[in-house]
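Working notes, beginning with the structure itself.
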Amino acid sequence: MALRMWASSTANALRISTTNNLLAPSFSISRCFSTVIDGLKYASSHEWVKHEGGVATVGITDHAQDHLGEVVFVDLPETGGSVSQGGVFGAVESVKATSDINSPIAGEIVEVNTKLSETPGLVNSSPYEDGWMIKVKPSSPSELESLMGSKEYTKFCEEDSH
């Protein structure tokens with residue numbers, strides 16, 4: 001009963017309807033209660049990529065920020081630099097730990113989210129929107145094919161939490 005009440009209050013807080021809708025939601029919540037957005041690509045190191053019009057936006061997943069806890073500092077590179085697929089481009093410091101951030105794709109950094117230097121908590125409150133980290137012009141867009149879709153990433157997180 002207590003778990004059902006907690007789940008219901010959590011759903012209300014996240015503005016998730018607990019009734020059966022005819023329309024499928026654009027995201028799913030895995031058993032570990034992390035939000036996974038359809039249409040993004042995911043790396044096994046828990047970064048996401050949104051590829052639109054020749055630019056790829058990169059950030060850390062809800063699952064990653066949840067495991068880190070409250071983010072207190074984000075170290076990001078300068079615009080104009082380059083990243084390699086799987087290479088470290090920055091770090092996130094939380095009250096629990098400091099973790100490297102890996103790039104899921106290679107390319108040139110065309111924009112950095114400067115809001116994170118003043119408000120690092122955006123990584124926690126809005127990991128897929130306001131908490132994005134860098135925008136990259138991919139040098140090899142085909143690298144996106146090697147990343148997981150939302151269903152694969154959800155399954156990966158569920159297996160990872162066992």
Side-chain angles (χ1 to χ4, degrees), residues 14-16 23-30 32-94 96-161:
L14 295 172
R15 296 187 179 95
I16 299 170
L23 299 174
S26 62
F27 61 90
S28 61
I29 297 181
S30 69
C32 55
F33 296 104
S34 294
T35 302
V36 177
I37 307 289
D38 289 336
L40 301 182
K41 291 292 195 170
Y42 298 88
S44 59
S45 53
H46 303 287
E47 291 84 18
W48 58 266
V49 181
K50 181 178 185 179
H51 189 235
E52 291 181 311
V55 175
T57 304
V58 177
I60 66 169
T61 65
D62 187 42
H63 182 80
Q65 72 78 25
D66 185 51
H67 279 70
L68 282 168
E70 181 185 352
V71 174
V72 295
F73 180 75
V74 180
D75 181 30
L76 295 174
E78 297 289 322
T79 300
S82 63
V83 290
S84 59
Q85 186 177 35
V88 175
F89 71 80
V92 176
E93 185 178 326
S94 73
K96 291 182 182 179
T98 299
S99 296
D100 288 339
I101 311 164
N102 302 313
S103 181
I105 56 169
E108 177 189 349
I109 300 167
V110 294
E111 190 175 346
V112 174
N113 189 350
T114 56
K115 291 180 186 176
L116 296 181
S117 60
E118 301 251 340
T119 317
L122 290 172
V123 172
N124 297 115
S125 62
S126 184
Y128 298 112
E129 293 176 13
D130 298 331
W132 64 272
M133 297 185 172
I134 60 173
K135 292 189 179 187
V136 176
K137 181 179 178 185
S139 56
S140 181
S142 63
E143 290 176 339
L144 291 165
E145 296 169 19
S146 68
L147 301 173
M148 292 178 270
S150 60
K151 289 179 183 174
E152 293 116 335
Y153 182 69
T154 298
K155 184 176 179 183
F156 175 79
C157 289
E158 288 173 351
E159 292 171 354
D160 192 37
S161 66

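For E111, the CD atom is densely surrounded, since the number of other residues' heavy atoms within 6.0 Å is greater than 12.
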Show me the donor-acceptor pairs, under 3.5 Å and distance only, between side chains in residues 136-144 and residues at least two apart or in other chains.
residue : atom : partner : partner atom : Å
S139    : OG   : A106    : O            : 3.4
S140    : OG   : S142    : OG           : 3.2
E143    : OE1  : A106    : N            : 2.7

Tabulate below the donor-acceptor pairs under 3.5 Å that side-chain atoms of residues 71-82 make, not counting sequence neighbours, or state none.
none

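At least one donor-acceptor pair closer than 3.5 Å links the side chain of N124 to the backbone N or O of G69.
Minimum interatomic distance between I105 and A56 (heavy atoms only, all atoms of both residues): CD1-CB, 3.3 Å. The shortest non-hydrogen separation linking S99 to L68 is OG-CD2, 3.3 Å. Considering all non-hydrogen atoms of both residues, P104 and V49 come closest at CG-CG2, 3.3 Å.
Residues satisfying the side-chain contact (heavy atoms from CB on, under 4.5 Å) test with S117, not counting sequence neighbours, are none. Take N102 and apply the side-chain hydrogen bond (donor to acceptor under 3.5 Å, both in side chains) test, not counting sequence neighbours, and it matches no residue. In this view, T98 satisfies the side-chain hydrogen bond (donor to acceptor under 3.5 Å, both in side chains) rule with no residue, not counting sequence neighbours. Here Y153 pairs with Y42, H46 under the ring-ring contact (aromatic ring centres under 6.0 Å, His included) rule; sequence neighbours left out. Listed by chain and residue number, M148 satisfy the side-chain contact (heavy atoms from CB on, under 4.5 Å) test with E152 (two or more places apart in sequence, or in another chain). For Y128, the ring-ring contact (aromatic ring centres under 6.0 Å, His included) test picks out W48, with sequence neighbours left out. By the side-chain contact (heavy atoms from CB on, under 4.5 Å) test, T114 is found to be paired with no residue, residues two or more places apart in sequence or in another chain being considered. Not counting sequence neighbours, the partners of K115 by the side-chain contact (heavy atoms from CB on, under 4.5 Å) test are N113, L122.
We find the CG-OG1 distance between D66 and T35 to be 9.5 Å, quoted to the nearest 0.5 Å. Expressed to the nearest 0.5 Å, how far CG of L40 lies from OG1 of T57 amounts to 9.5 Å.
Proximity of M133 to V58: side-chain heavy atoms (C-beta onward) are nowhere separated by under 4.5 Å.
The list of salt bridge (Lys or Arg N to Asp or Glu O under 4.0 Å) pairs with a residue in residues 41-56, not counting sequence neighbours, reads K50-E52.
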